[in-house]
Amino acid sequence: MPAIILNYREVAKLRSTYVDALPRLVRTDTGLVHTSYNQALAVTGRLSSNSPNLQNIPIRTDRGREIRKAFIPRSAEYTLLSADYSQIELRIMAALSQDEHLVAAFNSGEDVHRATAARVFNVPLSDVSSEMRRRAKMVNFGMIYGITAFGLAERLGIPRAEGREIHEAFFRLFPTIKGYMDNCVNRAREQGYAETMLGRRQYLRDISSANATVRGYAERNAINMPIQGSAADMIKLAMIRLDKELTTRNMKSKLLLQVHDELVLDAHLSEVTELKSLVEECMQQAMPLPNVPVEVGVGTGPNWLEAH
DNA sequence: AATTTCACG
DNA sequence: ACGTACGTGAAATTA
């Protein structure tokens, strides 16, 4: 019975939000779907997309991926190009904290989730199981959000005591990250705001609240905002550079979408080779991170799904 | 109008 | 004793 309900919910969500809604939003004057971006809404500095939101097109399930396939180039002379930053928020956490282990993992080209797994579960890199890697991945992402031991246990579906052990192990093994996060909170308390690498601010009026729940929320904001917001700063700079180059080079290809760590372009077939290196260059060089390489993956395809 | 649920990074 | 991972938007449901 639960499986039947969950299956129904998935289908109902995909149908009402995407399959039925998007065709109605095709504009009769252009024959295209046009989104809008809010450039000054999200407190971290991210963009948001609405009417329709094209930053939450499905990709996580097979049925969802069928919907993503519907996004295609404007004509037969074009192909879709997608370029995305690899693990950009973790790289920014490495750069901001300068944690030697995380920085080393990125510089040696290691699988960073495997590296975390090996350390947290105290096994050689070669002995990391897929389950250990899966858990380490949730640990790594959780850290970016300022997750608690309790929250980690919930996410991993394990007893609280085990969640606490992993949480403590992480901060014991990455002491620089622990110190960095404490600094984030302390600085936010002194300044009244958190800030990105480029100085974008999020004011945190609750950072000294007497209510522990309210204060905890502000403290997690103080940890997350510099990471999420610096990634937003970076891709915005990349977009500005890319737009300038597309214009000055008189290129036919067009920037279509931004999805936080990804840019999607309608690439004219005659420009694909040049465009691939141009986009990669703009994204990679937009905002260099001290001691941490920035990696960009670029692909093309007949639809958004296959461009990845 | 507010809340719930669920789609994405 | 209490609450517990960040940022969004759209559709359906509830009030």
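Heavy-atom basis, side chains included; hydrogens, waters and symmetry copies ignored.
Residue contacts shown for A:Ile223 are absent, as no nucleic acid heavy atom lies under 4.0 Å away. Using a 4.0 Å heavy-atom cutoff across all strands shown, A:Ile57 reaches sugar-phosphate atoms only and no base atom.
The closest side-chain donor-acceptor pair between A:Ser129 and A:Glu131, if any, does not fall under 3.5 angstrom. If you check the side chains of A:His260 and A:Gln228, you find no donor sitting under 3.5 Å from an acceptor. Using modelled atom types, one finds a donor on one side chain and an acceptor on the other under 3.5 Å when comparing A:Arg201 with A:Tyr203. Inspection of the A:Arg46 and A:Asn38 side chains reveals no N or O donor paired with an N or O acceptor under 3.5 Å.
The pair A:Arg215-A:Glu219 meets the salt-bridge criterion, since a charged nitrogen lies less than 4.0 angstrom from a carboxylate oxygen.
B:dA7 atom P lies 16 Å from atom CG of A:Asp20, rounded to whole Å. Between the C1' atom of B:dA7 and the CZ atom of A:Arg15 lies a distance of 17 Å, rounded to the nearest Å. Residue A:Gln87 contributes atom CD, which lies 14 Å from atom C1' of B:dG9 at whole-angstrom precision. The distance between atom CE of A:Met93 and atom C1' of C:dC6, rounded to the nearest whole Å, is 13 Å. Atoms CD (A:Glu89) and P (B:dG9) sit 12 Å apart, rounded to a whole Å. Distance, A:Ile92 CD1 to B:dG9 P: 17 Å, rounded to whole Å.
No close placement of the A:Phe106 and A:His101 rings is indicated, their centers lying 6.0 Å or farther apart.
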Can you check nucleotides 1-4 of chain C for protein contacts, nitrogen or oxygen pairs under 3.5 Å, and list what you find?
{"unit_1": "C:dT4", "atom_1": "O2", "unit_2": "A:Thr148", "atom_2": "OG1", "d": "3.4"}

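Checking the phosphate oxygens (OP1, OP2) of B:dA7, no side-chain nitrogen or oxygen of A:Arg60 falls inside 4.0 Å.
Ring geometry for A:His113 versus A:Phe141: interplanar angle of 30 to 60°, hence tilted.
Nucleotide C:dA1 forms no Watson-Crick or G-U wobble pair with any nucleotide shown, as no partner meets the under 3.5 Å limit on both distances.
Between B:dC6 and C:dG3, the distance separating the two C1' atoms is 23 Å to the nearest Å. When the P atom is used for both C:dT4 and B:dT3, the distance is 16 Å, rounded to whole Å.
Under a cut-off of 6.0 angstrom, the local environment of CG in A:Asn122 is sparse, with at most 12 non-hydrogen atoms contributed by other residues, nucleotides or ligands.
With sequence neighbours excluded, the residues forming a side-chain contact (heavy atoms from CB on, under 4.5 Å) with A:Asn53 are A:Ser49, A:Gln55, A:Asn56, listed by chain and number.
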Under 4.0 Å protein heavy-atom contacts per nucleotide of nucleotides 7-15 of chain C, with B for base, S for backbone only and - for none: BSBBSS---
